[in-house]
J.: 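Below is the structure I would like to discuss, written out as structure tokens.
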Amino acid sequence: MAKFIIQGNKKLKGEISVNGAKNAALKIIAASLLSEDKIIIKNVPDIEEINRLLELCQSVGSSFARENGEIEMQTKDIKQTDLDADLVKKIRAAVLLIGPMLIRNGEVRLPHPGGCAIGQRPIDIFIDGFRKFGAEVIENQDHYHFRAEKLKGMTFIFPKISVTATEVLMMTATLAEGKTILKNAACEPEIPALAEYLNRCGAKIEGAGTHTIVIEGVKKLSANIYEVIPDRVEAGSFAILGALCGDPIRVTNCRPDHLEALWSTFDKMGVDYELGKDWVEVCQTQKVKSVDVVTHEYPGFITDLQQPFTVLLTQAEGISLVHETIFEGRLFYTDKLKQMGANIIMCDPHRVIVNGPSKLFGRHLESPDLRAGFALILAGLIAEGETQIDNIYQIDRGYEKIEERLQNLGADIKRV
Ligand code: EPU
């Protein structure tokens, strides 16, 4: 099994470019199944999560060609009603296919996607939403069976803000009969990006990016060209890298306006950074101050940056509280930072206290999930000595060729 070996304690310098957003590309790929036409998707990252979704789409009838970050994809017919259980277990984003498959085939069987390292991740909101569209949903021992002759517009109030459930119900509503109103919807930038694309294909969506989305169903959607927006999690991850060891690091091809909560937290800590329209330059700052962070839906502090940010907090002077409000299992990786020398106390599964600054030391560790895996890379880069990270498939799920991009900044990181 591949692993990363990092020799730490080095300053890094140069430019690192941000790829297309994983969490936007996944949704566009799934939305392409709403139409029989050919879509061209540009700026698609070459990462495991995307590869798995493409495999899943292929298994139900999609064909695609891929070159230099561009995917040409078409789903003339959906040939399956059953989604492959092995693939669904690997990729939770499989839930994105429920809507298109139900609309085009009247039926879909989704094997239980199960929980994952960051929490239980139930799909109750999706099920309630589809029932409101008029679908019949039966839960069997090993799968959910969705069935509907036709879907009808409805009003749905999300009991809790959910990014993917908002996207799934929004895309399904584009082809449901009549008007759908989604209230307490998520506002993450990937949602208006998806709505903008669907509207170019003939959908009638208003309000995406706010908490109320109104969709007037249409009979048919065409397909179009879509360029994936820059990945705000990558941009933030690299900016945090700059704050830890940048001499300086310039993060390019990004949307700094999607990360306002990170910049205001940097301000409180005294991090040395400068923002441009599509770049941010960050320098390692001595004596950054501790700060409390609470993860929150957009535009609050994003849960996907909580892990890299906690590494920065291990280097801040004083006590910081990290309150993870979105997922119940997203702080257990802090045990691994403790093994490296960080002074972290877990109060409960949602809260840790970080007492900094602490010198970190290289260790042999395993990546528990994608974002925690990147946090371990960051910790390894600033630690004294050698860090080995196993289970890097988790990191490859979301960061393309990360070792090569870090090597370009002068990092001593190898994939072996
Ligand atoms: N939830 C339910 N029931 C549901 C759906 C969600 O209880 O039916 C709960 C979740 O368990 C969680 C909360 O609602 O406690 C919010 O989860 P949400 O549904 O918003 O998360 P998601 O859509 O599954 C996306 C990203 C995640 C990111 C979260 C939060 C994708 C493919 N994934 O997940 O990204 O952390 O939103 O912003 O868009 C990552 O990239 O590493 C990643 C995990």
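Just follow the structure's listing: the first ligand is 1, and inside any ligand the first atom is 1.
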J.: Can I get a per-line list of side-chain donor-acceptor pairs under 3.5 Å for residues 161-170, giving both atom names and the distance, sequence neighbours left out?
T.:
| from | atom 1 | to | atom 2 | distance (Å) |
| --- | --- | --- | --- | --- |
| Ser162 | OG | Ala165 | N | 3.2 |
| Thr166 | OG1 | Ser162 | O | 2.6 |
| Thr166 | OG1 | Ala186 | N | 3.0 |
| Glu167 | OE1 | Lys27 | NZ | 2.6 |
| Glu167 | OE2 | Lys27 | NZ | 3.3 |

J.: For the residue pair Asn43 and Tyr226, confirm or rule out a side-chain donor-acceptor distance under 3.5 Å.
T.: no
J.: If the criterion is any heavy atom closer than 4.0 Å to an atom of ligand 1, which residues make the list?
T.: Lys22, Asn23, Leu26, Lys27, Arg92, Ile118, Arg121, Pro122, Ile123, Asp124, Ile125, Phe126, Lys160, Ile161, Ser162, Val163, Thr164, Thr303, Asp304, Ile326, Phe327, Arg330, Leu370, Arg371
J.: So, using side-chain hydrogen bond (donor to acceptor under 3.5 Å, both in side chains) as the criterion, who are the partners of Lys150 when residues are at least two apart?
T.: Glu177
J.: Show me the side-chain donor-acceptor pairs of residues 335-345 shorter than 3.5 Å, one per line, residues at least two apart or across chains.
T.:
| from | atom 1 | to | atom 2 | distance (Å) |
| --- | --- | --- | --- | --- |
| Lys338 | NZ | Ile344 | O | 3.4 |

J.: Given the rule in the side-chain contact (heavy atoms from CB on, under 4.5 Å) test, do Ser237 and Val233 qualify, once you have shown the distances and angles that lead to the verdict?
T.: CA-CA 6 Å; Ser237 305; Val233 184; 4.0 Å; yes
J.: Test ring-ring contact (aromatic ring centres under 6.0 Å, His included) on Phe309 and Phe301; report intermediate values, then the result.
T.: CA-CA 10 Å; Phe309 196 79; Phe301 194 98; 5.1 Å; yes
